Number of protein chains: 4
Amino acid sequence: MKLLLTAFDPFGGDLVNPALEAVKLVSDRIDSVDVVKLEVPTVFGKSIQTVADAMAREKPDAVLCIGQAGGRFDITVERVGINVDDARIKDNEGNQPIDAPVFADGENAYFSSLPIKAIVEEIRKNGIPASISNSAGTFVCNHLLYGVLYHIAKSYPNIRGGFIHVPFIPNQVVKRPATPSMSTGDIVKGLEAAIRAIGMYSEDVKVTGGKEL
Amino acid sequence: MKLLLTAFDPFGGDLVNPALEAVKLVSDRIDSVDVVKLEVPTVFGKSIQTVADAMAREKPDAVLCIGQAGGRFDITVERVGINVDDARIKDNEGNQPIDAPVFADGENAYFSSLPIKAIVEEIRKNGIPASISNSAGTFVCNHLLYGVLYHIAKSYPNIRGGFIHVPFIPNQVVKRPATPSMSTGDIVKGLEAAIRAIGMYSEDVKVTGGKEL
Amino acid sequence: MKLLLTAFDPFGGDLVNPALEAVKLVSDRIDSVDVVKLEVPTVFGKSIQTVADAMAREKPDAVLCIGQAGGRFDITVERVGINVDDARIKDNEGNQPIDAPVFADGENAYFSSLPIKAIVEEIRKNGIPASISNSAGTFVCNHLLYGVLYHIAKSYPNIRGGFIHVPFIPNQVVKRPATPSMSTGDIVKGLEAAIRAIGMYSEDVKVTGGKEL
Amino acid sequence: MKLLLTAFDPFGGDLVNPALEAVKLVSDRIDSVDVVKLEVPTVFGKSIQTVADAMAREKPDAVLCIGQAGGRFDITVERVGINVDDARIKDNEGNQPIDAPVFADGENAYFSSLPIKAIVEEIRKNGIPASISNSAGTFVCNHLLYGVLYHIAKSYPNIRGGFIHVPFIPNQVVKRPATPSMSTGDIVKGLEAAIRAIGMYSEDVKVTGGKEL
């Protein structure tokens, strides 16, 4: 099995992106999964194109995109990407779309086709906090998640795809009081557990994991 | 203009639901909007049916559903309902669906057709904190939001629909340390501002309001 | 019984101080307690002097000082004032002492002589969240609490004194995302309950209310 | 220079105490500081006696006690211990004092005599979030901090003493949603930075670090 693992570059004034720092350290092979890594620009449009090009080139069995979720406490496995770009801040090339569709001919939303609950369980088994998230926001992370699932829906019915958000790392919060963080090592451990679960589960497990809100 | 305003009954061990307490106190007429109120059971299936019956009976121009968002700090206007029921706790009749679709023949998601950004702005103008939310969770609130928008998509193209979540009221948090709340009076003021905005705006305003996550 | 009730003026860029807004609305007589109100400048030194002058003039039986605790969820009754001024920001006259004693000849700390647990219980009975706080910070609020208790210790053995912190009011958090608030009306109700408890209890009740941290 | 480094055993239902896990991994020698380690029972009275015995036996130049601060985001260096035991939960031997003094003949409070601001700066230089805390709570942590400073005030004028609180480690929060944590490795790195600062600074540095509350 071949997995394309992507991570965004730094944005919003930060000098690092924990997603990228961690992805660099993830093993190239986890159980029977070969991991191919890709850095993605935090830019509307280009981010999707970069991953779409790699999908055409690498022909992976699964695509897992990683992004920074500043302010979240744990590793969050995204359930769904929605067809909207609504940026509170500019992306790395100055774009700031407001309430625009990602793809005008796409569905309103696409659900992750990765085994999201099995991933959460496997990460937790390794002593790392994790949970399902029901929103990837409306910035470039949701944009890429939606875009990858759109391309899968249109062109690659056999590829599975999804997105995981990771917290800030500690040195990003030295000047952000009362903000949670997770060490790069623990993020790596969590991502490797996630990839292991993707290798093991072709269908998701049926366990609780929803939220009232 | 006629607006159907719904609110859930108490659930999850609470003796009150701030949505219902507030809706009872909302004026029956706000500017040119006639408000018809409806209590809805916190039950999968029945909640949608209750509102669908009222839509058939009342023929409103808009449907606004209100629910409790314990733990949120402000009034949140929901952007989207997704086609999944995934309950962490049982509903008021003991149902606890896991990762099931709301309607098998529905879209993956439906976007609110209310002017969500105009609503946020109007609530804030009244001194009440408000923001856009990109997830209504996966319990009965999302279920109802999705269900109302499904019925609109299938049968009522001229009705607009959406959902607003409100925080706990103070006496619900006396025994919940470090949990935000909002007074019933401020929730009422916020909901009346929301209804005023629905009456004023047939199209939404284009202003920032997205989130990175 | 005569109670001197003080409240700080706005500081730190806010246009209102919820302590002052609420104190203005507190009844002048609560059960058998006559309430004398005093506005206090958010200034090191002057704040203590202003209250000390009023204590000499009014000869109250108790002094209750009220301050803003931006970021706290509930009404917090302070247990102790410590002998240190350590300002993160400037006060309203530009003073910013760092690690200086409030009074060089004072104790390291003074405990509130108000019935703090009875106050918490009475506020909660009214449906308003409240708890004991073990730190009034190191800015002008702690400064005043310490200063009032210092003057009591030195000169007024029969006066009881203490401090209550109140959250932001809603319009202060419209532009502060994810920050708790409490309506002015609920703060007033809480403060009146506190004063009622001060009138009823000469000694505190022995109930749990501590914190691990 | 010889430093006595203490850590509490697990309490409150947790199977580990991050303070103890980290202290075990701290180097025995950091620059010119020899570190002598001591496990302390989470028990009122016995905790102080255990450390007092070790002070008499080891004759250290400084005592640094470490405790768990579940819910805090960063490493917090305590400024002050107050003369009160007020337990919300039972200690490890079932004691639950309420509003009792630690020592009837002690001061109301004692300030840490460690260079608390220099410690915060040194930890942050290592990329680990840290800040000053103005309350060690009213459970066994404050009890021990106060008790150590009491014994220093009465009998050991040349020993410096203080307390540092550390967050949960990740596996403690797998079942505690929305709770911050820090990896054991980062806690160790932070504590070693703290000890280095204690070795370097006989007087504290004068920098901001206070809080409004």
Side-chain angles (χ1 to χ4, degrees), chain A residues 11-12 42 67-72 76 78-91 96-101 106-111 115-117 131-143 146 149 153 163 165-167 203-213, chain B residues 11-12 42 67-72 76 78-91 96-101 106-111 115-117 131-143 146 149 153 163 165-167 203-213:
Chain A
F11 69 95
T42 303
Q68 165 185 299
R72 287 199 184 156
T76 47
E78 296 296 342
R79 187 193 293 266
V80 64
I82 60 174
N83 193 11
V84 69
D85 291 331
D86 190 14
R88 191 186 61 86
I89 56 172
K90 289 184 184 340
D91 73 12
Q96 190 177 10
I98 293 184
D99 293 336
E107 303 275 340
N108 287 337
Y110 294 107
F111 287 100
I116 58 173
K117 299 239 175 126
S131 61
I132 302 294
S133 162
N134 298 306
S135 172
T138 58
F139 193 55
V140 185
C141 288
N142 172 74
H143 176 82
Y146 181 89
L149 295 171
F163 198 104
H165 265 120
V166 300
E203 301 241 321
D204 203 359
V205 295
K206 203 126 184 171
V207 295
T208 55
K211 288 183 185 159
E212 284 85 89
L213 64 88
Chain B
F11 70 94
T42 302
Q68 165 185 300
R72 287 200 185 156
T76 47
E78 296 296 343
R79 187 193 291 268
V80 64
I82 60 175
N83 193 11
V84 70
D85 291 332
D86 190 15
R88 192 186 61 86
I89 58 172
K90 289 185 184 339
D91 73 12
Q96 190 177 11
I98 294 184
D99 292 336
E107 303 276 341
N108 288 336
Y110 294 107
F111 288 100
I116 59 173
K117 299 236 175 129
S131 61
I132 302 293
S133 163
N134 299 305
S135 172
T138 58
F139 193 54
V140 186
C141 289
N142 171 76
H143 176 83
Y146 181 90
L149 295 171
F163 198 103
H165 264 120
V166 300
E203 301 241 321
D204 203 358
V205 295
K206 203 125 184 172
V207 294
T208 55
K211 288 182 185 161
E212 285 84 88
L213 63 87

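So you know, we letter chains A, B, ... as the sequences are listed, proteins then strands, and number each from 1. Worth saying up front: this structure is predicted, and the values here are computed from it rather than measured.
Taking 4.5 Å as the limit, every side-chain heavy atom of B/Lys211 sits out of range of all side-chain heavy atoms of A/Ser135. Between A/Thr208 and B/Gln96 there is a side-chain heavy-atom pair separated by less than 4.5 Å.
Once rounded to the nearest 0.5 Å, the distance linking OH of A/Tyr110 with CG of A/Leu149 reads 8.5 Å.
For A/Ala69, the parts lying under 4.5 angstrom from a heavy atom of chain B are both the backbone and the side chain. Neither the backbone nor the side chain of A/Val140 has a heavy atom closer than 4.5 Å to any heavy atom of chain B.
Highest contact tally toward chain B, considering only A/Ile89, A/Val80, A/Asp204, is held by A/Ile89 [criterion: heavy-atom pairs under 4.5 Å]. With chain B as the partner, the residue from A/Asn108, A/Val84, A/Ile132, A/Ile82 showing the most heavy-atom pairs under 4.5 Å is A/Asn108. Ranking A/Gly209, A/Gly67, A/Ala87 against chain B, the residue ahead of the rest is A/Gly209, based on heavy-atom pairs under 4.5 Å.
The list of side chain to side chain donor-acceptor pair (under 3.5 Å) pairs with a residue in residues 78-89 of chain A, not counting sequence neighbours, reads A/Arg72-A/Glu78, A/Glu78-A/Ser133, A/Glu78-A/His165, A/Arg79-A/Asn134, A/Arg79-B/Asp86, A/Arg79-B/Asp99, A/Asn83-A/Tyr146, A/Asp85-A/His143, A/Asp86-B/Arg79, A/Asp86-B/Lys117, A/Arg88-B/Glu212.
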Checklist entry - Does the pair A/Phe139 and A/Asp91 meet the rule for a side chain to side chain contact (heavy atoms under 4.5 Å, CB included), with working shown? => result CA-CA 8 Å; A/Phe139 193 55; A/Asp91 73 12; 4.2 Å; yes
